[in-house]
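Order of the sequence lines fixes the chain letters, A, B, ..., with proteins taken first and strands second; residue numbering starts at 1 for each chain. This is a predicted model, so every value here is computed, not measured.
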2 protein chains.
Amino acid sequence: MKKISMQLEKANLKKTKHRLLILKILAETNDFLSADDLFIRAKQSDTKISLSTVYRILDSFAEKKIVSTLNIDNSKQVYYEMAHQEHAHHLICLDCQSVIHIKDCPIHDYQSQLSKTYNFQVKRHSLEFYGYCSKCQKSKKNQ
Amino acid sequence: MKKISMQLEKANLKKTKHRLLILKILAETNDFLSADDLFIRAKQSDTKISLSTVYRILDSFAEKKIVSTLNIDNSKQVYYEMAHQEHAHHLICLDCQSVIHIKDCPIHDYQSQLSKTYNFQVKRHSLEFYGYCSKCQKSKKNQ
DNA sequence: GTGTTTAATGCTAACCATTTGCATTTAGAC
DNA sequence: GTCTAAATGCAAATGGTTAGCATTAAACAC
Ligand SMILES: [Mn+2]
Ligand SMILES: [Mn+2]
Ligand SMILES: [Zn+2]
Ligand SMILES: [Zn+2]
């Protein structure tokens, strides 16, 4: 995967095997992952990685905007995904944690309107939808 | 404040002095408060309250929908406010933590449209705006 | 390739918001 | 007033995350 190591180059981060591995796992995964999820998956390829390394890698990735973070619902852990090119939002299944990525944003106009009304300089917003994916809706009916 | 003790009655919670006090502080405050914020304020009226009591009270309030919770940005602590009658959103100042409460929701139609498009049963959403309030915009210019 | 420099890593202990166990107190019902 | 279950205080435990420090490895010059 040339593309993956390119990202580190562009971000001015050393290409270590652990960084490449975490990046690969993130690239292969559609859903949000916690640091521990990533640690467990990484150990399957490389038994000699430590959890603090995973945290430090994720911190460096977040700083360089390679990943973006999310607090799923009110859980106390942080979840990570590969950052999107464009601003995006998510439908998150409360049952299976699967994620649908929504590439458009319905509130740009609303946001600039808010800015004027309240003289508040909006820097960013969070918008996430929680509910049940089609798969989980079905299995709930059957139980 | 009759209104306050009414809320406990309706929720079927015992009217203890600590619960009434926490409720009073929440009612007087416009912004979100952490458990520790509430603990500090409560101690000013009642030196004999413990932090775990504050947590337990907040848990009971959250369960009865007397308060609603928020994870401000990516901080690891939970913030609480008196729950709104109707669904609401917020403008949160990244500098002074002040909050503007927005009583309308711009995405109801969008949400039902999403539901159909993705066959995803949306149960709730979070929408919060982060930026700088008018006061903090000014003080940044002056510095 | 070797050597040098500096950032990355592993391991362990610390941190800090939150939760829990348990003995004691108190609200609400009688 | 008595009684009972729920609420509380205190201390210890939990769990995700961060920090300290000695060791290793990328990147770069030669
Ligand atoms: Mn996404
Ligand atoms: Mn509010
Ligand atoms: Zn699902
Ligand atoms: Zn402000």
Residue A:D109 excluded, over 12 heavy atoms near CG under 6.0 Å: no

Counterpart residues, ring-ring contact (aromatic ring centres under 6.0 Å, His included), relative to A:F32 (two or more places apart): A:H90

Euclidean distance, atom CG of residue B:L33 to atom P of C:dA17 [Å, nearest integer]: 15 Å

Length of the CG-C1' vector between A:D36 and D:dT14, whole Å: 14 Å

Mutual orientation of the aromatic rings belonging to A:Y110 and B:F129 [parallel < 30°, tilted 30-60°, perpendicular > 60°]: tilted

Within-4.5 Å side-chain heavy-atom neighbours: A:M82 and A:L23: yes

Closest listed nucleotide, where the reference is the side chain of A:K15 and the choices are C:dG28, C:dT19, D:dA27: D:dA27

Separation of D:dG9 P from B:L21 CG (nearest whole Å): 11 Å

B:Y55 vs C:dT18: side-chain N/O to OP1/OP2 distance below 4.0 Å: yes

Value in whole Å for how far the C1' atom of D:dT17 lies from NZ of B:K76: 5 Å

Side-chain donor or acceptor of A:N71 paired with backbone N/O of A:S75 under 3.5 Å: yes

Length of the CG-C1' vector between B:L58 and C:dA17, whole Å: 13 Å

Interatomic distance where CG belongs to B:D59 and C1' belongs to C:dT19 [whole Å]: 9 Å

Flag if over 12 foreign heavy atoms under 6.0 Å of CD, A:Q77: yes

Interatomic distance, A:I72 CD1 vs D:dG16 C1' [rounded to whole Å]: 15 Å

Reading 5' to 3' through nucleotides 1-14 of chain C, protein heavy-atom contacts under 4.0 Å coded B for base, S for sugar-phosphate only, - for none: -----BSSBBBB--

Rounded distance (Å) that lies between atom P of C:dG28 and atom CG of B:N12: 11 Å

